[in-house]
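As structure tokens, the structure follows; a few thoughts come after it.
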Protein chains: 2
Amino acid sequence: MKDTEQSIIEAAILIFNEDLSAPLEKVADQAQVTRRTLHRYFKDRKELMDKCQKEIRKACAVAMSNAYNTTENPRERLEAMFYAGLDCGSKNTFLHKLHTLHDHKHQAANEECSEYDHTFELWKGNLQVLLTTGIINQGMTVDWIHNFFQSVVVVFINSQQKGALGRTDARQLAWFSFSKGIGI
Amino acid sequence: MKDTEQSIIEAAILIFNEDLSAPLEKVADQAQVTRRTLHRYFKDRKELMDKCQKEIRKACAVAMSNAYNTTENPRERLEAMFYAGLDCGSKNTFLHKLHTLHDHKHQAANEECSEYDHTFELWKGNLQVLLTTGIINQGMTVDWIHNFFQSVVVVFINSQQKGALGRTDARQLAWFSFSKGIGI
DNA sequence: CACAAATGTCACAAATATGAGACATTTCGC
DNA sequence: GCGAAATGTCTCATATTTGTGACATTTGTG
């Protein structure tokens, strides 16, 4: 029964990802919990948001790290990490969103920002190999591909929400769109 | 000086696109205007939001319609409408976002929904031609490509906001990612 | 300059969101 | 079934957001 805290966090990620300033009652509803209970686990909005970020960073870091270690081939690594990104779903996109907000000033001094950077260090490093060895040609930049990656995850999430496509089909489609889209 | 109303709408689209429940003061700030002035032009939040949607639908509809009429070749049409989508920028993505929200129930009876549908009628019709003639193969679905289209627009906007890429370069990159990503 | 329109400043009431106390009810392990 | 922990209900104080009136200031125009 102690997974209430976790389910609130999951709900918050879902809600805040759509509506950053949504009232906490929406989060509580999504978690099928009272606002009162939510406040028993989280002192205030800021604390909830912080826990969300921590959860997100952890989940993404673990998934990415695991995927990275499945193979030594850069091309296969990219694919493995891509699927890991899909599996992280809205956690992945929310993390990315928080760091591309209009008023967000990215600075390495910020603890959360540096953790964010670290999360994608492996990803970007691997990507750089593919770029320099010419497997990915064109005028592709790391930033573009990073954004593009996140965007394809959004497409995947949307398709899953609608239920129009099976998970396996959607995963294949996503990888097709991503890999071809960056010129592999 | 009467473009104050318009600049508030533009500001609102920018802010609401990032944070749907953002306080109106943020919109006023973005428009470099007092909250008091904002309320002189818009009775309340709902009226502002409605005007935003109207503006968005109009802008997207005009841009798409123009692009459609530049050529009769479906393949070229797709490209022209793609660039039109880029030019609509956040208007395009905000419109799409509003209709993919978790709690949004899409129903043709709804006036705004039907207008939204109409906006992309041409786009989807043209796409269907490309699908049935086999120019786009794979297990691609219209919905997937539609979502994918919107996502690439987001990537484009992000790259422009950062200023890392010139507009022309970004447009080319975007078209590359999109066209290859759907298997053209 | 003078005048009118637009905007800003300040003040304020109403609505909504937030956070927490007190106590009832439910849930779970034993 | 008992007791403890978790959760819900109800209530309330406070903070924030919202919308508007009254009046000062700025801006554009003749």
Side-chain angles (χ1 to χ4, degrees), chain A residues 1-56 58-59 90-91 94-95 97-98 101-105 112, chain B residues 1-56 58-59 90-91 94-95 97-98 101-105 112:
Chain A
M1 180 180 278
K2 192 50 199 302
D3 52 353
T4 298
E5 180 172 349
Q6 190 61 28
S7 72
I8 293 176
I9 291 178
E10 303 286 342
I13 292 173
L14 206 85
I15 296 293
F16 290 154
N17 194 29
E18 276 191 351
D19 185 356
L20 210 55
S21 300
L24 295 179
E25 184 135 33
K26 277 197 181 180
V27 176
D29 287 349
Q30 176 69 36
Q32 290 182 296
V33 140
T34 320
R35 198 165 58 84
R36 189 65 190 83
T37 298
L38 185 150
H39 279 297
R40 286 201 181 95
Y41 286 91
F42 306 96
K43 185 174 134 288
D44 55 17
R45 187 185 197 86
K46 185 184 179 309
E47 184 172 306
L48 174 57
M49 187 65 90
D50 288 347
K51 289 280 179 61
C52 284
Q53 295 211 37
K54 185 169 261 179
E55 164 65 27
I56 283 172
K58 200 190 69 181
S90 60
K91 291 181 184 174
F94 188 39
L95 180 58
K97 176 181 178 175
L98 288 175
L101 281 182
H102 192 256
D103 59 351
H104 176 77
K105 300 297 175 203
E112 274 135 26
Chain B
M1 180 179 281
K2 192 50 198 305
D3 52 353
T4 299
E5 180 173 349
Q6 190 60 27
S7 73
I8 292 176
I9 291 179
E10 303 286 342
I13 292 174
L14 206 85
I15 296 293
F16 290 155
N17 193 30
E18 277 191 353
D19 185 357
L20 210 54
S21 300
L24 294 179
E25 184 135 33
K26 277 196 181 180
V27 177
D29 287 349
Q30 175 69 34
Q32 290 183 295
V33 140
T34 319
R35 198 167 57 85
R36 189 64 189 82
T37 297
L38 185 151
H39 278 297
R40 287 203 179 94
Y41 285 92
F42 306 96
K43 184 173 135 286
D44 55 19
R45 186 186 197 85
K46 185 182 178 311
E47 184 173 306
L48 173 58
M49 187 67 89
D50 288 347
K51 289 280 178 63
C52 284
Q53 295 211 37
K54 185 170 263 182
E55 163 66 26
I56 283 171
K58 200 190 70 182
S90 60
K91 292 182 183 174
F94 188 39
L95 180 59
K97 176 181 178 175
L98 288 176
L101 282 183
H102 192 254
D103 59 350
H104 175 78
K105 300 298 174 204
E112 272 134 28

| query | Is the phosphate of C:dA6, meaning OP1 or OP2, less than 4.0 Å from a side-chain N or O of B:Tyr41? | reply | no
| query | Can you check the B:His39 NE2 to C:dC10 P distance for me, whole Å? | reply | 17 Å
| task | Round to the nearest Å and state the distance from B:Leu38 atom CG to C:dT9 atom P. | result | 15 Å
| request: For a side chain to side chain contact (heavy atoms under 4.5 Å, CB included) with A:Glu5, tell me which candidate from A:Glu10, A:Glu55, A:Arg40, A:Lys51 qualifies. | output: A:Lys51
| N/O (side chain, A:Thr37) to phosphate O (OP1/OP2, D:dA6) under 4.0 Å | no
| In whole angstroms, how far is the P atom of D:dG19 from the CE atom of B:Met49? | 12 Å
| field | Nucleotide nearest A:Arg45 when distance is taken to its side chain, options C:dA6, D:dT7, C:dG19 | value | C:dG19
| query | So, is B:Thr4 close to the C:dA6 phosphate, meaning a side-chain N or O under 4.0 Å from OP1 or OP2? | reply | no
| note | 5'-most contact on DNA chain C (nearest-nucleotide basis), A:Ser21 vs B:Thr34, goes to B:Thr34
| request: To the nearest Å, give me how far apart CD (B:Gln32) and P (C:dG8) are. | output: 10 Å
| task | Any strand is fair game: report the nucleotide pairing with D:dG30 by Watson-Crick or G-U wobble, both distances under 3.5 Å, or none. | result | C:dC1
| query | If you take atom types as modelled and just measure distance, does the side chain of B:Arg40 reach the base of C:dG8 with a donor-acceptor pair under 3.5 Å? | reply | yes
| query | Looking at the side chain of B:Leu24, which of C:dG19, C:dT7, D:dG19 is the nearest nucleotide? | reply | D:dG19
| Checking B:Asp3 side chain against B:Gln6 main chain: does a donor-acceptor pair fall under 3.5 Å? | no
| task | Let me know the distance between CG of B:Asp44 and C1' of C:dA15, rounded to the nearest Å. | result | 13 Å
| message | Around atom CD of A:Gln32, are there more than 12 heavy atoms from other residues, nucleotides or ligands closer than 6.0 Å? | response | no
| What integer distance in Å separates A:Phe42:CZ from C:dT18:C1'? | 16 Å
| Taking for each residue the nucleotide of DNA chain D with the nearest heavy atom, is it B:Pro23 or A:Arg36 whose nucleotide lies nearer the 5' end? | A:Arg36
| A:Leu48 CG to C:dG19 C1': how many Å, rounded? | 13 Å
| request: Give the rounded distance in Å between these two atoms: NZ of B:Lys43 and C1' of C:dA15. | output: 14 Å
| message | Can you tell me which residue among A:Leu24, A:Ile13, A:Val33 is in a side chain to side chain contact (heavy atoms under 4.5 Å, CB included) with A:Ile8? | response | A:Val33
| request: Establish, from distance only, whether the side-chain atoms of B:Ser90 and B:Asn17 form a donor-acceptor pair under 3.5 Å. | output: no
| query | Taking atom types as they are modelled, is there a donor-acceptor pair under 3.5 Å from the base of C:dG19 to the side chain of A:Arg35? | reply | yes
